[in-house]
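For this chain, numbers begin at 1 and follow the sequence in order.
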Amino acid sequence: MAAAADLSTVLKEVADNYEKKTKTKVKLSFGASGALTQQIQNGAPFDIFFSADMDYPKQLVSAGDADGSTLFEYAIGMLVLWVPADSPLDVEHKGINTLIDPSVKKIAIANPQHAPYGRASVATLKHYGLYDHVSDRLVLGENISQAAQFVESGNAQAGFVALAHAASPAMQGKGKYWEVPAQAYPALAQGVVVLSHSKHKKEAEEFLQYTKTKETGDLLLKYGFTLPSHRQ
């Protein structure tokens, strides 16, 4: 299955739990939602698509590449501004004003052309009136995971990443972050859909049903997602 990069930790755990329960092997491929959409349109053999927005799955439904009756909003993503743990920047207290600090030469975001989190990052900068001030300092990751890697590696001093990434076990102790207020960017409502050319439709729909369970919902909450009202 194809999945947005912000799901790289939580979906592995969901898939592991599902395999233990059902003995069904789940193969995951992560990337930017827009890039995965293009691959699906070009015939990539995925069965199910977890996007970081609702728009890409709806595009696939409109084009006949996905089954509209299976479209489901499974979570709402959250955006954070993240800096490495050893950074002198006080991101937890200064929030968005961290980016005004002269030591911030590069700011990592996911590419807004392919990644919903990248679009949310641009919307946040515009919301606070900072976009024109910092646009020449932005470095674009292909997806939200690569944007995080730029900051981890020191190629950027700060970056907008998914809360799911900042909260993952692999990142514990590696950074500090500020949660961007939800009103600063359009909600990252995330949708999943079964693909029309899937050769394993029954299995795909069974896995989709599993992602709607409280067990999966609790994991999504644990990894920094919020649940839409119909899941609570």
Look at the side-chain heavy atoms of Ile, Leu, Val, Met, Phe, Trp and Tyr, link any pair under 4.5 Å apart, and say whether [X] and [Y] land in one connected group.
X    : Y    : result
I144 : L125 : yes
V192 : L219 : yes
L36  : F50  : no
F49  : L188 : no
L28  : L208 : yes

Any donor-acceptor pair under 3.5 Å from [X] side chain to [Y] backbone:
X    : Y    : value
K176 : S87  : yes
T216 : Y210 : yes
Q172 : A167 : yes
E19  : V26  : yes

How many angstroms lie between [atom1] in [X] and [atom2] in [Y], if you round to the nearest 0.5 Å?
X    : Y    : atom1 : atom2 : result
N143 : Y117 : CG    : OH    : 12.0 Å
D6   : L11  : CG    : CG    : 9.5 Å
L99  : H133 : CG    : NE2   : 9.0 Å
T37  : N42  : OG1   : CG    : 11.0 Å
H200 : K27  : NE2   : NZ    : 11.0 Å
L7   : E13  : CG    : CD    : 13.0 Å

- Item | L71 and M54: CA distance, side-chain angles, deciding distance, side chain to side chain contact (heavy atoms under 4.5 Å, CB included) verdict | CA-CA 9 Å; L71 181 61; M54 293 293 282; 4.2 Å; yes
State, with a plain yes or no, whether a side-chain heavy atom of [X] is found less than 4.5 Å away from one of [Y].
X    : Y    : result
L89  : K94  : no
T22  : E203 : no
S145 : F30  : no
E205 : D67  : yes
Y131 : S121 : no
Y185 : R119 : no
V14  : F207 : yes

[X] and [Y]: which non-hydrogen atoms are nearest, and at how many Å?
X    : Y    : result
S168 : T9   : CB-OG1, 3.5 Å
G95  : W178 : CA-CD2, 3.4 Å
A32  : E142 : CB-O, 3.2 Å
V194 : T70  : N-OG1, 2.9 Å
I48  : M1   : CG2-CB, 2.9 Å
H197 : A44  : NE2-O, 3.1 Å

Under 3.5 Å, which donor-acceptor pairs do the side chains of residues 100-112 form with other protein atoms, sequence neighbours left out?
unit_1 : atom_1 : unit_2 : atom_2 : d
D101   : OD1    : S103   : N      : 2.8
D101   : OD1    : S103   : OG     : 2.7
K105   : NZ     : P102   : O      : 3.0
N111   : OD1    : Q113   : N      : 2.8

- Does K212 NZ have over 12 foreign heavy atoms under 6.0 Å away? yes
- Task: Look at K202 together with E206 and state whether they make a salt bridge at an N to O cut-off of under 4.0 Å.
- Result: yes
- Message: Taking the basic N atoms (NZ, or NE/NH1/NH2) and the acidic carboxylate oxygens, is any pair closer than 4.0 Å for K222 and D218?
- Response: no
- Item | D16 vs K12, salt bridge (charged side-chain N to carboxylate O under 4.0 Å, His left out): CA-CA, chis, key distance, verdict | CA-CA 6 Å; D16 285 348; K12 280 177 188 153; over 6 Å; no
Please tabulate, for the side chains in residues 72-86, all donor-acceptor contacts under 3.5 angstrom to protein atoms that are two or more places apart in sequence or on a different chain.
unit_1 : atom_1 : unit_2 : atom_2 : d
Y74    : OH     : S51    : O      : 2.6
Y74    : OH     : Q190   : NE2    : 2.9

